[in-house]
Structure formats: C-alpha cells, structure tokens
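Atoms considered below: every heavy atom in the structure, side chains included; atoms not considered: hydrogens, waters and symmetry mates.
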Amino acid sequence: MAGTVPSSLAFSHSANPIVDEYHGVSIPDPYRRLEQLESPETRCWIEEQRTTVATFFEQQPSYEAVRRRLAELWQYPKYSVPFKHGRWRFFWGQDLAMQEDFQPQAVLYRQEALEGDFQVVLDPSSLSKDGSAAVTTYTVSPDGTLLAYALSRGGSDWQEIRVLHLDSGTEEEQALHWCKFPSIAWAPDHAGFFYNCYPAPGETTNDRALHGYNHVRFHRLGTPQSADQFIFTPAAGEVICTPIVTEDGAYVLIHVCQSAAPNDHIFYRPLQDSGPFFPLLQHLDAHYRFVGNVGSTCYLETDRNAPRGCIMAIDLASPERKCWRLILPEQEDSIAFSTLAGEHLLVGFLHHAWHRLVLYARDGTCVRELELPPLGAIIGIWARRSDPEVFLSWESFLCPPTIYRYDMQENQLTLLHALHTGFDASRYETMQVFYPSQDGTRIPMFVTQKKGLSYSGTTPTLLYAYGGFGMSVTPSFWLSQLCWLEQGGVFAVANVRGGGEYGEAWHRAAVCERKQTSIDDLVSGATWLIEHGYTCPQRLALMGMSNGGLLAAACLVQHPELFGAVMCQSPLTDMLRYHRFTVGAHLVAEYGNAEADYEQFRALFAYSPLHNVRAGEAYPATLITTAENDLRAVPVHAMKFAAALQAANASPHPILLCIEHDGGHGVGRSTRQRIDAVSKILVFLLRALVTQPASA
C-alpha cells in the first residue's frame, strides 16, 4: 500500500537489552540506545525517519492544496488583549495589514489613544533569520518606558531576558541567561526587576540542579547578571518560583508551586525591606493564586476546602488563619480566573468547560453577569484596580479571538476589533453533549460540525483531549479544525478527568495511580461517537499533545481497534523512566514515581504506552511528532515508542515519526512552521480517514 513505512526502518534493538529492576520485577528496555541522541546509530535512524516522512508527504496529492488553504485561512488581522502602562496602550498584533507573506511572529505595538496610530515596539522576527525567535513572556515598566522580555530560540525552554528602552529603541547590553518558565516583575522605580532563573552550568556540577533549582534574583539595570542579588531560594527543588510586585508597589511576593501538586506556598515582604520573606501561606495542601491587594489586604483564589475554588482575604497586619475572611464561597461552577477591576472583583467561571464572567463587589456581593456568547472562552483579560476599563479576548471553535472593551462605570461591553476571516462560520455549529464514562461519571464533550449533517455512521471524525495537570480544555479557534470542517469532518473535544473543568476534584480523580481514569474517559468518548452514529472506527481519529499525547498513545495500544488514525504530538510514553529526563522530576506529583513506590509502579507499568506495545498487533495509521529541543516531553519518548510500534505493527498502515530539527515543546513556532505542521496532520488525516476505503 502506498505510504506504508518500510520494514527497514525498524530499529535493530539489542538481543541482550538493558533490564531494569522495579520492586523485584525485571523490565527490559530494548530501545535504550535511542536515548543517546548524538550517537551515530541514533542520528542515522533519525535521518531515515525524516526521509521516510518527507517521501510519504511528497506522495500525497492533497498536500499542496491543504497547505494553500491553511495559508488563506491564516491571513486575517490578529490582536491580543490591550494593556496599559503610563500614557500608552500596548497590544500584540499579527498580519494587521495585507502583505506578500505572513509575519512569522506577533509584533508588539503601542498607541497613545484607543483610536490613535500605533507604533512598532518589538518585532521578534527581526531577531532571527528563520523567524523562530519568539517572545515567551514580557513585562512593561509601570511608567511605560521599559520592556523586559524573555526570548526563546529554536523552540527551546531555555530563554534569555532582554531589556528595551521604548522611547529610544535601544537595548541594554546585558542579557540574562539560564531562564526557563520565567516571570518578570518590575520594581516601582524602574531601576530593575525581579526574575526567576536556574543556576548557570558553572555554578553547579549537578545536572539535576540545572532543571530543578529555580530561584529569584533582582537585576539592576546597567549591571551584569553576575552582580544580581539573590532574593529567594526555596527549601526544595523541582519547584517554580514566581515573583510578584503588587500594583501599588508596596509588597513583593514569591509564589512557589510544584507542577500541579496542591502544595503552593506564598511568601511576602514589604518591597523596600531587605530582610527575610515572611510565609503567608505554607504547607496547607492546596492551590493558591494572588489576585491583588487593597492596602495590606490581599485577595487570594484557592481550592482549600473548596475544590471548585473560592476567594478569601488575608490582612498582612493580622495574617493568622483565624483572621482570614471568606469573600466568595465555592459556587456550582469552578473558578477559572479572577482579578481586581476598579473597586470590584471580576471572576471567570467554568460552566461545563466554557466561560461565564461575573462582577462582584469586594465583599463578595454579586453585581452583575456580563453578557457573553455561550460555548466560548476568555483567553486573555486585562484589568487594574486603578482603572475602570477592562479588556478581554473571547473565542470559540468557530470564532477567532475577538477583543472587547468593558466600561464598568457605564456597564457597557463593546467590540474593539471586528475580525473577518476567509471561513464561513455560519455554515457550522458547535453543540455540547454529555456521555457516561466506564464508571458512570458524566463527561462533557464539544462537537463541531456542518449544520444539518446526517449521521450516517461513516463521517470522518477527529477526537481531541488533554486531561492533565488541572488544565481545562475550553473552546479554541484552530486553523486545523476549520480546514477539517471544510473537508466534511466532525471535530470533537472530550473534557476528560485530569483537567480542571470541574475544579481540583476533577483533576485529582486522574493523577498517579488513577491516571487510567483519563484513558477510560477518552475511550468512552470514542465509543459514544461510534454508538451514536457520528462515525465508525475506520473513520475515527484521535489526537493529543504532551499529556494528551500520552493519553492518545495509551488509547492506541489499549484499543487499536477503535481508531482509523492516531496522532501523538510531543507525547510522554516511557512512564517508568520519564522522571529521569530534564524536567521530568517536576511531573512526579501528576504521574507518580515507578522507582520510589510499588503501587505507582504497578499503575504506571499497566498503562505506559511504550511497555504495552504488542508484537503482531494491527495498529492504525499513526503519526508521532516531537522536536529535538523539547525539554518537557523529551524526544526519546516519541522515538522509543515509534521504534516499538514499527517493529510490532502487523497492519499495512504507516507508523510515522516526524522529528523537528529546530523546535521545542510548541514554543516559538513561526507561522510557516505552524502551517507546515498542521498541513502534515490534515493530510495524514485525509489519507487515513477520507481517501482510504472504510473497510481498509
């Protein structure tokens, strides 16, 4: 069959593989040699995979048409939420004017009035030849004259922080290095900023410390990084420290968290002090997020004794637990975000995985709910206690990110930018359905399709899920789903457990020994689509990225008969050894540790995709993607899994491994890279589900 991966690609695993011992159980690892990424044998195998992938897509007649259509769909103006500093409004924009080619990255602009002319502040595309240099985080000084931003190259999580003087357009000579997942908080006098980073290689000989010992420093403008003051070092590794300077400039806070584990800590001190930090919240087994402050009163969002979230107030003058005040008790819908806006609290709720927005007085009294369209999501919001103006970005599966301005004094929500795309959304619809999982739990699922679609049981259907780290999958506007819909496909998103759609209890239902719950939820969603006549196994595809890639890979090996195609993007697949790679130790609270705990070993081994590949199994068409610079789901996961599948597969369907040379965990992709990647996914889907006969 055209496109079948040649058997010569199968990696020649060792006849005497390395065998690991877990609690008295011997587990062979026949593909361990692939972990040596720079060995000649591994490099040769990677290049063979790349050649096969290139040949496969060259043979697909739909590739150029799909890529051309995606390029057409991309060319519409894209705006971020505006944010204000000093006399300026700033926003990120992309393709705001018709031009010969798309802009590789969004550009930062500023304007003096909402309707005034805007000026380019920073164009990341000018910082690299291929357009892959990308800004990952940024902060403008309170007076609007300075920009500190983190720059990623080649998709790497390792970033450098730079400082740009906005009026002159000149940059500080010193860049700050060894930053990963950085946060930046300016001091009120603009003389410098707090930031988090890791030890430089010369500061430690411990490789684990390079990924595990995050801490906070203060950088004073005009000085080298070596002179930066160490501000805060946490007691334990494998945490992320986020510095926060309050809007009034009175306090500096440090938020310490460990992945999705419910053990956040918050420390504080007056900003002008140089003494130790005081613990505000410590060892309370819950998530906490600083919302804002009014004088010495801090408002915090937490799931402590409230799995769906609540808001409380703590007075720093009397921070004892007995003095805490409950402002907004737990509601039926879980809290997605909250912020101080003028004299109010603005709270976003998740209602069955889509957003509602409600305004409250600071004592928790409900003022009003804002009228937003249903089945959509707020993907960005800007509000300040000192400003009655709020900006927000709303999107859905059929509507691109749309910017609104809300005037709290006038209670008026107005559209800021009317967007026009080359996609006729009026022909399609999104509905929400609920299906039972294996244990009877009711799982929500969004289904987007052409209006009036008849359920013949053979419609090509793409099912997506994430299901991890308490992250909620809300309605999103993706180019891939638009093109898929135009091809007559159905797009479904299952809000499986492990995410945060219904609060922390929904997340905790699928962590560590319970991760199989996410997989069962996803399998039940696939089964429901088939049983209700949407599609059939030969026309059903499954897709997931990162933790979602793990779920897709696990569903593939557990139920290959359910799917006609599976796409695992940046997956974790070796769940016995994941914690040994780069930032893997950060993820133990989510997945567990096979070496440290016998019960966790049993659970991990039972669903670990790599360890459940069966020789002689007929697997569906499978596309596995990864990138050489991915430090989160390191490429050895995808490589070992692909090697195992290619050796075991008894079907004629292709098992493809696509390895980006200059990319990371989705960070900083240029527009062209995004379109190329999406084109491959869609062409792979069309070949597997549309152009092949249903009985294949």
Side-chain angles (χ1 to χ4, degrees), residues 77-94 96 106-116 118-119 121-122 135-150 166 183-186 188 193 242 244-249 289-294 299 301 311 335-349 355-360 362 367-368 370-372 376-395 400-417 419 474:
K78 291 165 277 290
Y79 296 86
S80 78
V81 172
F83 54 98
K84 296 161 63 173
H85 292 281
R87 72 179 196 273
W88 297 100
R89 286 185 175 89
F90 297 82
F91 68 94
W92 291 89
Q94 194 169 10
L96 303 189
V107 175
L108 181 62
Y109 297 94
R110 69 176 182 178
Q111 58 185 156
E112 287 197 76
L114 199 55
E115 303 298 331
F118 45 82
Q119 313 165 3
V121 172
L122 176 66
V135 174
T136 59
T137 191
Y138 57 92
T139 306
V140 175
S141 62
D143 67 348
T145 63
L146 294 158
L147 169 71
Y149 65 96
L166 300 185
S183 296
I184 305 165
W186 281 99
F193 52 83
T242 302
I244 302 167
V245 172
T246 57
E247 185 182 342
D248 59 8
R289 192 185 70 81
F290 177 74
V291 176
N293 71 301
V294 179
Y299 294 84
E301 182 185 310
I311 296 176
I335 294 178
F337 59 85
S338 56
T339 183
L340 286 178
E343 296 302 315
H344 297 82
L345 276 165
L346 193 57
V347 183
F349 290 100
H355 283 146
R356 299 169 46 235
L357 191 59
V358 184
L359 192 68
Y360 292 90
R362 289 208 309 266
V367 177
R368 66 181 70 94
L370 277 66
E371 292 186 10
L372 293 173
I378 297 168
I379 60 168
I381 192 163
W382 182 90
R384 288 290 184 270
R385 180 174 167 262
S386 56
D387 200 313
E389 193 173 45
V390 175
F391 297 104
L392 61 94
S393 179
W394 182 93
E395 71 177 358
T402 304
I403 310 304
Y404 290 91
R405 175 183 178 270
Y406 178 58
D407 187 320
M408 288 186 292
Q409 293 176 341
E410 300 294 330
N411 183 29
Q412 188 172 14
L413 185 69
T414 55
L415 182 66
L416 206 57
H417 300 292
L419 300 183
T474 55

| Tell me, do H344 and V367 make a side-chain contact under 4.5 Å, heavy atoms counted? | yes
| field | Check: T402 side chain, P400 main-chain N or O, donor-acceptor pair, under 3.5 Å | value | yes
| request: May I have all residue pairs that pass salt bridge (charged side-chain N to carboxylate O under 4.0 Å, His left out) and include part of residues 377-387, sequence neighbours excluded? | output: K84-D387
| task | Identify, with sequence neighbours excluded, every residue that meets ring pair (Phe, Tyr, Trp, His ring centres under 6.0 Å) alongside F83. | result | H85, F90, Y138
| said: Just to verify, what does W382 make a ring pair (Phe, Tyr, Trp, His ring centres under 6.0 Å) with, not counting sequence neighbours? | reply: none
| N/O donor-acceptor pair under 3.5 Å between S80 side chain and W92 backbone | yes
Could you pull out every donor-acceptor pair under 3.5 Å between side chains of residues 142-149 and any protein atom, sequence neighbours left out?
from : atom 1 : to   : atom 2 : distance (Å)
D143 : OD1    : S141 : OG     : 2.7
D143 : OD1    : T145 : N      : 3.2
D143 : OD1    : T145 : OG1    : 2.9
D143 : OD2    : T145 : OG1    : 3.1
D143 : OD2    : H190 : NE2    : 3.4
Y149 : OH     : E171 : OE2    : 2.4

| task | For the pair H355 and L372, evaluate side chain to side chain contact (heavy atoms under 4.5 Å, CB included) and give the outcome as yes or no after the intermediate values. | result | CA-CA 9 Å; H355 283 146; L372 293 173; 5.8 Å; no
| Just by modelled atom types, is the A377 backbone N or O under 3.5 Å from a matching donor or acceptor in the T474 side chain? | no
| query | Step by step, would you call F193 with V245 a side chain to side chain contact (heavy atoms under 4.5 Å, CB included)? | reply | CA-CA 9 Å; F193 52 83; V245 172; over 6 Å; no
| So Y109 and F118, would you call those rings parallel, tilted or perpendicular, with 30° and 60° as cut-offs? | perpendicular
| Residues two or more places apart in sequence or in another chain: which of them pass ring pair (Phe, Tyr, Trp, His ring centres under 6.0 Å) with Y404? | none
| field | side chain to side chain contact (heavy atoms under 4.5 Å, CB included) partners for A341, two or more places apart | value | L346, A383, V390, M408
